[in-house]
Amino acid sequence: MEEQKKRSIPVLPWMRDPLDLTLFQQIPLHTLPSLHPKLKLSLENMGISNLFPVQVAVWQETVGPGKFHRDLCVNSPTGSGKTLAYALPIVQLLSTRVVTCLRALVVVPTRDLAFQVKRVFDAIASPLGLRVGLAAGQSSVADEISELVYSPECEFGISYDPEEVAFRVRRRLRSKVDILVATPGRLMDHINTTKGFTLEHLQYLVVDETDRLLREAYQSWLPAVLESVQLNEDNSFEPSDSFLPCSMGVLTTRRRCGVERGFKDKPYPRLAKIVLSATITQDPGRLVQLELHHPLFLRAGPMRYRLPENLQSFKLICERKVKPLYLVALLKSLEGEKCIIFTKSVESTHRLCKLLNCFGDLQIDIKEYSGLQHQRVRSKTLNNFRKGEFQVLVSSDAMTRGMDVEGVRNVINYDMPKYVKTYVHRAGRTARAGQTGRCFTLMSNDEVRQFKKLMQKAEASSCPEHIIQSSLIEALHSTYESALKKFKEKISKARKKAND
Ligand SMILES: Nc1ncnc2c1ncn2[C@@H]1O[C@H](COP(=O)(O)OP(=O)(O)OP(=O)(O)O)[C@@H](O)[C@H]1O
């Protein structure tokens with residue numbers, strides 16, 4: 001009944017006829033004739049020789065024949081290369097810019113994801129002389145401001161007209177960056193309080209992990225951005241793709257023009273948008289907030305949720321009270337392969353990590369990554385995990401969205417996810433970029449049915465049971481007893497310390 005009700009929720013008309021990404025092939029870089037040579041070189045330096053299907057499709061609709069006449073809504077699996085799918089066309093389209101000002105804004109939900117996306121832009125935009133900024137609370141607001149805006153000296157010569165002087169002062173501050181990667185909170189700080197920070201020249205807006213960003217208002221960042229841009233749209237009307245400085249050092253932005261239905265074919269300048277997620281929302285009420293222009297929906301196949309092609313899913317059935325034993329046995333069998341364990345909450349993450357570290361003979365370096373930790377600690381842990389300094393990360397769902405760590409061979413759901421979206425994002429930390437990967441989900445007998453339903457929504461063709469020999473579990477019992485004792489001692493010591 002509930003399922004039927006959900007199915008009957010209407011979707012927006014443009015979502016009913018998607019462009020199927022599975023019909024696109026990977027293509028070698030040299031077959032893209034318009035690709036900027038420096039961009040091609042940067043990609044080659046990154047070890048990239050082909051573009052993935054989603055990247056080809058977005059390129060065609062932006063730089064290619066589509067010419068960005070429509071906004072794009074992209075629903076493509078985890079690890080399919082969505083970051084480069086938007087970064088490449090934006091960098092190519094900005095490669096002819098003359099003066100630096102903020103032309104592209106990429107909004108992502110978390111700070112670690114913002115660092116990751118900035119790194120991708122840095123690699124391809126810097127060789128073209130484009131500057132990329134970060135507004136994610138990585139440093140103090142003052143430091144961040146100094147990286148984003150500056151005041152050019154003695155630029156306009158002498159003037160005796162007070163109106164002109166006031167105008168010049170207002171316009172004095174300039175952007176240091178062409179592209180900004182931001183989290184909503186810091187973005188709003190800059191919109192509201194940073195002098196000289198302006199979105200008036202913005203031409204491209206990317207909303208990554210759209211469903212997550214639309215789920216929470218985050219200080220109404222989206223209306224604030226659209227409003228700041230619209231203020232300027234009223235003043236700039238000439239359709240052109242170029243960005244020219246005009247007289248007196250003041251910049252005029254010429255946004256891409258579009259032909260909107262209901263506007264009697266009148267072209268008007270607009271902000272071009274790309275919104276993406278592996279689990280895009282279909283909720284019309286949420287999607288309309290994005291004010292997409294004649295949107296084109298790009299989706300991989302007919303299903304709403306799609307798992308990476310080379311992902312294998314397994315279920316591991318055991319009684320609740322012996323779950324830690326099964327987990328330890330599983331970790332031992334994975335023989336030090338890079339692995340992320342997901343739990344249901346930050347508290348569970350902390351406890352499980354502590355408990356695993358009490359297993360003396362496990363000989364696997366295990367670290368915690370959760371919202372309970374200070375951001376600095378979290379980022380350091382993630383960097384060390386990336387570098388391969390330890391093999392197992394125990395994480396809360398802070399890690400699920402977008403994070404790309406090379407070489408993660410296995411994901412373990414210590415706690416079964418409640419929602420298919422959570423499964424998709426957790427499992428998607430492995431089997432990225434066409435690699436193989438496995439996702440194990442621990443569950444008790446009474447959770448099996450619920451898990452089956454969840455997997456059906458994710459179009460998982462099969463999810464066999466992973467069997468762990470009972471002899472292995474029995475052999476672990478005594479180690480578990482002493483680990484548990486050690487764990488309890490540690491917990492009570494920590495409590496005592498906190499109370500002192
Ligand atoms: N054309 C390519 N060739 C080889 N590797 C690529 C290519 N494009 C992207 N990659 C790599 O694929 C991995 C996944 O890319 P990315 O993080 O953009 O995926 P995503 O679709 O955004 O995933 P998620 O939905 O989890 O955020 C990255 O390590 C990236 O470097």
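Please read all numbers here as calculations on a predicted model, not as lab measurements. When a ligand or atom number is given, it counts from 1 through the structure's own listing order.
Within the 4.0 Å heavy-atom criterion, the part of Q55 lying near ligand 1 is the side chain and not the backbone. At a heavy-atom cutoff of 4.0 Å, ligand 1 is contacted by the side chain of R429 but not by its backbone. Under 4.0 Å from ligand 1, the heavy atoms of E209 that appear belong solely to its side chain. Both the backbone and the side chain of K82 come within 4.0 Å of ligand 1, counting heavy atoms alone.
Shown in contact with P77 at under 4.0 Å from a heavy atom are these atoms of ligand 1, numbered in order with element: 21 (O). Taking every non-hydrogen atom of A433 and a distance limit under 4.0 Å, the qualifying atoms of ligand 1 come out as 11 (C), 12 (O), 13 (C).
Looking only at protein heavy atoms, the nearest one to atom 7 (C) of ligand 1 is F52 CE1, 3.3 Å. The protein heavy-atom contact nearest to atom 15 (O) of ligand 1 is G81 CA, 3.6 Å. Here the heavy atom of the protein found nearest to atom 17 (O) of ligand 1 is R432 NH2, 2.9 Å. Counting only heavy atoms of the protein, atom 23 (O) of ligand 1 lies nearest to G79 N, 2.8 Å. Atom 31 (O) of ligand 1 has its closest protein heavy atom at D404 OD2, 4.5 Å.
Look at S76 and you'll find every heavy atom at least 4.0 Å from all atoms of ligand 1. Close to ligand 1: S80, with a non-hydrogen atom less than 4.0 angstrom away.
We find that K323 and D415 are joined by a salt bridge, their nearest charged nitrogen and carboxylate oxygen being less than 4.0 Å apart. Under a 4.0 Å N-O distance rule, the pair D211/R215 does not qualify as a salt bridge. Remark: D122 does not engage R119 in a salt bridge, criterion side-chain N to carboxylate O under 4.0 Å.
Put simply, the side chain of N310 gets close to the backbone of G434: a donor and an acceptor are under 3.5 Å apart.
For the 3.5 Å distance criterion, the side chains of T22 and D20 qualify, holding a donor opposite an acceptor. For the residue pair N410/T430, the side-chain donor-acceptor check at 3.5 Å is not satisfied.
A tilted orientation is assigned to the rings of Y86 and F121, their planes being inclined by 30° to 60°. Classified by interplanar angle (parallel below 30°, tilted 30° to 60°, perpendicular above 60°), the ring pair H466/F314 is perpendicular.
Between L51 and ligand 1, not a single N/O pair is under 3.5 Å apart.
When A85, G402, G434 are ranked by how near their heavy atoms come to atom 27 (O) of ligand 1, first place goes to G402. Looking at T83, T400, L113, V54, it is T83 that brings a heavy atom closest to atom 16 (P) of ligand 1. The nearest non-hydrogen atom to atom 1 (N) of ligand 1, considering only V56, N50, L84, comes from N50.
The shortest distance between side-chain heavy atoms of K273 and L226 falls below 4.5 Å.
The cationic atom of K421 (NZ for Lys, CZ for Arg) does not lie both less than 6.0 Å from the six-membered ring centre of Y305 and within 45° of the ring axis.
Among R429, R426, K418, R212, the one residue that satisfies the salt bridge (charged side-chain N to carboxylate O under 4.0 Å, His left out) test with D397 is R426.
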